[in-house]
Amino acid sequence: MDWETVIGIETHAQLSTASKIFSGAATQFGAAPNVQACAVDIALPGVLPVLNRAAVEKAVRLGLAVGAQINRRSVFARKNYFYPDLPKGYQISQYELPVVQGGSLPVMIKDVAKIVKLTRAHLEEDAGKSLHEDFHGLSGIDLNRAGTPLLEIVTEPDMRSAEEAVAYAKALHALVRWIGICDGNMQEGSFRCDANVSVRPKGAQVLGTRCEIKNLNSFRFLEEAINYEVRRQIELLEDGGSVVQETRLYDPERKQTRSMRSKEDAHDYRYFPDPDLLPLVISAETIEQIRSELPELPQAKRERYMRDYQLSPYDAGVLTSSREVADFYENLIQALGGGYKLASSWIAGELFGALKRAGLEICQSPISSGQLAGLLQRIQNNAINGKQAKEVFDAMWNGEGDAEAIILARGLTQISDARELEQIIDGVLAANLKSVEEYRAGKEKAFNALVGQAMKATKGNGNPAQINGILKKKLEG
Ligand code: ADP
Ligand code: MG
């Protein structure tokens, strides 16, 4: 039987505010345990939560960026459960009335755009952390993370493969960083995904029973966990069994998901509006203010690059993969006064290659956009050829100075003098009569061999386009 996979994703994005969602304690990662947990975070009796305005603004930012409805009035609710890292005995979240409703995210899957619909995004607080190592059979509790603001972003069950799920997660990850609401640091847990996975016979209308795989904090784990889970469910069903709705965990070592707990229903949490917090009311002016501060979004930028700079969908996608990359590109073409394709291919080619080998992000690049512009200008005005440019690039990367200085120091000049090139080519033709005959007998490859010989005779410094032209003229004339 043919099966169809159905996936919906819930993402917890940690909002990058200085202080917590309901208290003034700091949110910075990596502090010693419990030094960033104040009376509100540890739930001392009599304390009251006070909502952090910055968290609300960031939630609205996301909502506007995905074209969602911003609910002018939303409600905080208590989600009741017991766990040692949750001192209040409930988590403050939003349930019936979330701050953001609907919206969608365009996702590129191998050059084909797909729209993933969003159900909602709501504000909530994070819990603390249980530490099971270092305590000789006991567990420690670190409440630094308790009360950290989260935005939970929920999709419709719109994805049909692990590949689509990963593409969605990457697009959302890029967006939250782009609009400056989350640092996206997955190792530190600032961006984590739960994947809801089910399968059904191809063509079926009703959804199959789903399992939810919790806390996937890398794109690779997300992909592996979904692929494993799909295989598991199909095997189960084909053996005449049925899928049990439950929460599962992914074990990256064994590359398997395993059962964590049976799925709890909403009523198990006894959700009710938090009497300590007034409903959240956002004015139309605040929403318009936030809208006016939004940067140009990745999708719009991508389309503009394709339209105004004639870049391919792929190249435009690469250049808008993050705001830092797009900024680098825009600074570069501004310094060049054009050169859209040249700039694009050097960023995606040499620069990305070097950054990847060194394990660096573009904002850590040892070559600035201004320095790269200096190099590309020399290519544009034919001062150096492509091979020389790569040598200059490597030298610049190693801190040998600007393109100008490196070109001078290494005596890199392109031979573009027609008479000088003609003389060299005459010598090459005389020394390679066999290739000349072969070319005249119709062997196209012989031409490339002659170009190669001519470049060699110039010690790699000849202007390749000119050499091509002169050779053609001499061979055909
Ligand atoms: P809960 O509140 O229990 O987590 P929701 O109904 O809010 O459940 O759904 C959570 C996520 O699961 C959403 O992203 C939704 O699209 C997805 N989902 C719901 N049903 C299915 C299903 N049968 N298969 C795959 N995903 C599903
Ligand atoms: Mg859920």
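Given the structure is predicted, the values throughout are model-derived calculations rather than measurements.
- Between the Thr155 side chain and the Ile9 main chain, a donor and an acceptor come within less than 3.5 Å of each other.
- Under the 4.5 Å side-chain criterion, counting only non-hydrogen atoms from C-beta, Arg232 is in contact with Cys211.
- A distance-only check finds a donor-acceptor pair linking the side chain of Asp142 to the backbone of Asn34 [under 3.5 Å].
- From Phe352, atom CZ reaches atom OG of Ser321 across 5.0 Å, with rounding to the nearest 0.5 Å.
- If you take CD on Gln14 and SG on Cys182, they are separated by 7.0 Å, rounding to the nearest 0.5 Å.
- Formation of a donor-acceptor pair under 3.5 Å by the Thr27 side chain with backbone atoms of Ala18 is found in this model.
- To the nearest 0.5 angstrom, Phe76 atom CZ is 9.5 Å from Glu125 atom CD.
- Side-chain contact check for Asp85 versus Lys129: every heavy-atom pair is 4.5 Å or farther apart.
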- Query: Would Arg200 and Val206 satisfy side chain to side chain contact (heavy atoms under 4.5 Å, CB included), going step by step from the backbone distance to the final call?
  - Reply: CA-CA 8 Å; Arg200 63 180 171 187; Val206 287; 6.0 Å; no
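- Using a 4.5 Å heavy-atom cutoff, the side chains of Pro201 and Leu237 are not in contact.
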- Task: Please step through side chain to side chain contact (heavy atoms under 4.5 Å, CB included) for the pair Trp346 and Ile379, ending with a clear verdict.
- Result: CA-CA 11 Å; Trp346 273 78; Ile379 302 175; 3.6 Å; yes
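- A donor-acceptor pair is defined here as one N or O able to donate and one able to accept, closer than 3.5 Å; no such pair exists between the side chain of Arg210 and the backbone of Ser198.
- Counting only N and O atoms by type, the side chains of Glu156 and Thr119 include a donor and acceptor under 3.5 Å apart.
- Counted by atom type alone, Glu124 and Tyr95 present zero donor-acceptor pairs between their side chains at under 3.5 Å.
- Side-chain contact between Leu51 and Phe22 is present, with at least one heavy-atom pair separated by less than 4.5 Å.
- Under 4.0 Å is where a charged nitrogen must lie from a carboxylate oxygen, and between Lys214 and Asp194 at least one such pair does.
- Note that OG of Ser218 is 7.5 Å distant from CG of Leu216, once rounded to the nearest 0.5 Å.
- Atom CD of Glu293 has more than 12 heavy atoms from other residues, nucleotides or ligands within 6.0 Å.
- Atom CD of Gln28 has 12 or fewer neighbouring heavy atoms from other residues, nucleotides or ligands inside a 6.0 Å radius.
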- Output, in order, the C-alpha distance, side-chain angles, deciding distance and verdict of side chain to side chain contact (heavy atoms under 4.5 Å, CB included) for Arg378 and Val392. CA-CA 10 Å; Arg378 299 306 187 286; Val392 177; over 6 Å; no
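- At a cut-off of 3.5 Å, with distance as the only test, no side-chain donor of Tyr340 or Gln310 sits close to an acceptor on the other residue.
- With respect to the salt-bridge test (charged N to carboxylate O, under 4.0 angstrom), the residues Arg220 and Glu223 do not qualify.
- With respect to the salt-bridge test (charged N to carboxylate O, under 4.0 angstrom), the residues Lys110 and Glu163 qualify.
- Asn144 places no side-chain N or O within donor-acceptor distance of the main-chain N or O of Phe29, the cut-off being under 3.5 Å.
- Residues Glu285 and Gln289 bring no donor and acceptor atom of their side chains to less than 3.5 Å of each other.
- In summary, the side chains of Trp3 and Gln233 do not present any donor paired with an acceptor at a separation below 3.5 Å, with no hydrogens or angles considered.
- In the displayed structure, Glu400 atom CD is contacted under 6.0 Å by more than 12 heavy atoms of other residues, nucleotides or ligands.
- In the displayed structure, Arg53 atom CZ is contacted under 6.0 Å by at most 12 heavy atoms of other residues, nucleotides or ligands.
- Remark: Tyr81 OH is packed, more than 12 non-hydrogen atoms of other residues, nucleotides or ligands lying under 6.0 Å away.
- Under the 3.5 Å distance criterion, with hydrogens and angles disregarded, a donor-acceptor pair is assigned to the side chains of Ser23 and Asp41.
- Summarising the geometry, atom NZ belonging to Lys301 is positioned 6.5 Å from atom CG belonging to Asp327; distances are rounded to the nearest 0.5 Å.
- Annotation: Phe272, atom CZ; neighbour count of heavy atoms from other residues, nucleotides and ligands within 6.0 Å is above 12.
- Between the side chain of Asp402 and the main chain of Glu404, no donor-acceptor pair closer than 3.5 Å is present.
- Relative orientation of the Phe393 and Trp397 rings is parallel, given thresholds of 30° and 60° on the angle between their planes.
- Between Leu151 and Leu123 the shortest side-chain heavy-atom distance falls below 4.5 Å.
- Within the 4.5 Å cutoff, no side-chain heavy atoms of Ile213 are placed close to those of Tyr228.
- The CD1 atom of Ile21 sits 10.5 Å away from atom CG of Asp126, with the distance rounded to the nearest 0.5 Å.
- Here the closest heavy-atom approach between residue Leu86 and residue Ala127 is recorded as CD1-CB, 4.3 Å.
- Within 6.0 Å of the CG atom in Leu236, the count of heavy atoms belonging to other residues, nucleotides or ligands exceeds 12.
- Shown here is Lys390, whose NZ atom has no more than 12 heavy atoms of other residues, nucleotides or ligands within 6.0 Å.
- Between Glu4 and Lys202 no salt bridge is recorded (no basic side-chain N to carboxylate O distance below 4.0 Å).
- Side-chain contact between Leu172 and Phe191 is present, with heavy atoms from C-beta onward closer than 4.5 Å.
- Val99 approaches Ala59 most closely through the heavy-atom pair CG1-CB, 4.0 Å.
- A salt bridge between Asp276 and Arg78 is present, with a side-chain N of the basic residue lying under 4.0 Å from a carboxylate O of the acidic one.
- Counting heavy atoms from C-beta outward, Asn52 and Ser19 have side chains that approach closer than 4.5 Å.
- For the pair Lys170 and Phe219, the cation-pi criterion (under 6.0 Å, within 45° of the ring axis) is fulfilled.
- In plain terms, the two heavy atoms of Asn71 and Pro98 that are nearest each other are ND2-O, 2.8 Å.
- The two residues Glu164 and Met159 make their nearest non-hydrogen contact at OE1-CA, 3.6 Å.
- Remark: Asp274 does not engage Lys88 in a salt bridge, criterion side-chain N to carboxylate O under 4.0 Å.
- Counting all heavy atoms, side chain and backbone alike, Ala77 lies closest to Tyr271 at CB-CD2, 4.2 Å.
- Pro106 and Ala171 get closest at one heavy-atom pair: O-CB, 4.2 Å.
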- Stepwise side chain to side chain contact (heavy atoms under 4.5 Å, CB included) check, Glu152 with His12: CA-CA 5 Å; Glu152 179 172 336; His12 288 92; 2.9 Å; yes
